Amino acid sequence: MPELPEVEVTCRGISAYLTNRHITQVIIRNASLRWPIPSTLTTLLPDQCITTVTRRAKYLLLHCDQGTLIIHLGMSGSLRILPTTTPSLLHDHFELWLDSGKMLRYRDPRRFGAILWWDGAIQQHPLFQRLGPEPLSDAFNTRYLHTKIHDRRVSIKEALMNQHIVVGIGNIYANEALFHAGISPLSAANSLSQTRCAALVKAVKTTLQQAIEAGGSSLRDFTDCNGRAGCFQQQYWVYGRHDQPCRQCGALINKIRQGQRSTFYCLQCQQ
DNA sequence: AATCCCACCTGAACGC
DNA sequence: TGCGTTCAGGTGGGAT
């Protein structure tokens, strides 16, 4: 379930265990993720120090002495901090052993995630070059959004999930933010007034911020780096609530398909 | 450049 | 109980 809040919660959770630690060993159990895990990591990483751990979009960045380890969790990935003696299970594909005696373990049943190495400036990486601004930064504001989508004919929901427009928003939080902004997910992006863009920007920021504070959402098996479940799922207003009454007006929540993804919204509250 | 839609993969839930 | 179908947090890439 990794959208921005889950990746951010993971980032904050693993940071203290990794920062200023030296890597002692790398284990690649199954290299076939979205792209192969570079086999060179086995010799490249040991003895390097992890200086900082950051997040950009839905990517986790482990900044090391000689480059950056890029981790994406895909649809089903998660990271745990564990003693190196913990037996590995099916779907545990990758481990970073640390000089503390602990390890970072990557698990990803569907293998849509990625683990890559980059030794230049991260913004020069092909995957990072065209990314939009961080939704919680000042760069994501009313003027930016209005200008960016004024010529887009796709729906506002699809635009919100476009990482070239703004990063970090996936299916859950796109649905939730549109509900809080009172905007129909079917509205054409280029039809949104400045006022509605302002409402949407505000809704995106508060929705994501609250989800981070709740420790993220926990659909299926997502947990934080210590195995704890997030609580934000209990706060959903529309996601997954089709045929249930709207928490605001009581009308039944509607479910449709948009761009091969499920959309949930209230016909009454979202116009 | 924007848009559409497929592909990648496993597992859970559901219907028959 | 078993089998087939559908759906799930993401996103690069090819065709239009």
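Every heavy atom of this structure was used, including side-chain atoms; hydrogens, water molecules and symmetry mates were not. Labels below follow one simple rule: chain letters A, B, ... track the order of the sequence lines, proteins then strands, and each chain is numbered from 1. Given the structure is predicted, the values throughout are model-derived calculations rather than measurements.
The phosphate of dG11(B) (OP1 or OP2) has no side-chain N or O of S76(A) nearer than 4.0 angstrom. Listed pair R257(A) / dA8(C) meets the phosphate criterion, a side-chain N or O lying under 4.0 Å from OP1 or OP2. At the phosphate of dG10(C), OP1 or OP2 sits under 4.0 Å from a side-chain N or O atom of R261(A). A sub-4.0 Å separation between OP1 or OP2 of dG11(B) and a side-chain N or O of H91(A) is present.
Across all strands, R153(A) comes closer than 4.0 Å only to sugar-phosphate atoms, never to a base (heavy-atom distances). Within the 4.0 angstrom heavy-atom criterion, only backbone atoms of the sugar-phosphate kind lie near R111(A); the bases stay farther away. Within 4.0 Å of E158(A), counting heavy atoms only, lies no atom of the nucleic acid at all. In this structure, R130(A) reaches neither bases nor backbone, as no heavy-atom distance under 4.0 Å exists between it and the strands shown. Among the atoms of the strands shown, none is found under 4.0 Å from any heavy atom of I165(A).
Separating the CZ atom of F264(A) from the P atom of dC7(C) is a distance of 11 Å, rounded to the nearest angstrom. One can place OH of Y106(A) at 14 Å from P of dC9(B), the figure rounded to the nearest angstrom. Atoms OH (Y239(A)) and P (dC7(C)) sit 13 Å apart, rounded to a whole Å. Rounded to whole angstrom, the span from the CD1 atom of I115(A) across to the P atom of dG10(C) amounts to 18 Å. Between the CD1 atom of I71(A) and the P atom of dG10(C) there is a distance of 18 Å, given to the nearest Å.
No hydrogens or angles considered: nothing links the side chains of Q271(A) and S184(A) as a donor-acceptor pair under 3.5 Å. Using modelled atom types, one finds a donor on one side chain and an acceptor on the other under 3.5 Å when comparing D108(A) with Y106(A).
The pair R152(A)-E158(A) does not meet the salt-bridge criterion, since no charged nitrogen lies less than 4.0 angstrom from a carboxylate oxygen.
Y59(A) has its ring centre less than 6.0 Å from the ring centre of F128(A).
Follow the hydrophobic side-chain contacts under 4.5 Å out from L41(A) and you reach I23(A) in the same cluster.
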Dot-bracket pairing map - DNA chain C, Watson-Crick plus G-U, both contacts under 3.5 Å, | cross-strand: .|||||||.|||||||
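Comparing dC6(B), dG10(C), dC4(B) by their closest approach to the side chain of Q260(A) singles out dC6(B). When each of dT11(C), dG11(B), dC7(C) is scored by its nearest atom to the side-chain atoms of L90(A), the top-ranked nucleotide is dG11(B). Taking the side chain of E3(A) as heavy atoms from C-beta on, and the options dA8(C), dA2(B), dG10(C), the nearest nucleotide is dG10(C). Candidate nucleotides dC9(B), dG10(C), dG12(C) were compared by shortest atom distance to the side chain of W35(A), and dG12(C) ranks first.
In this structure, CG on L61(A) lies 13.0 Å from CH2 on W118(A), to the nearest 0.5 angstrom.
Evaluation of atom-type donor-acceptor distances gives a pair under 3.5 Å for the side chain of R110(A) against the base of dA8(C).
Both geometric conditions, a ring-centre gap below 5.5 Å and a plane tilt below 30°, are fulfilled for F112(A) over the base of dC8(B).
L73(A) and S78(A) make their closest contact through CD2-N, 4.0 Å (heavy atoms, listed as atom of the first residue, atom of the second, distance).
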Check the pair E134(A) / R56(A) against salt bridge (charged side-chain N to carboxylate O under 4.0 Å, His left out), numbers first and verdict last. CA-CA 8 Å; E134(A) 287 290 325; R56(A) 169 74 175 116; 3.0 Å; yes
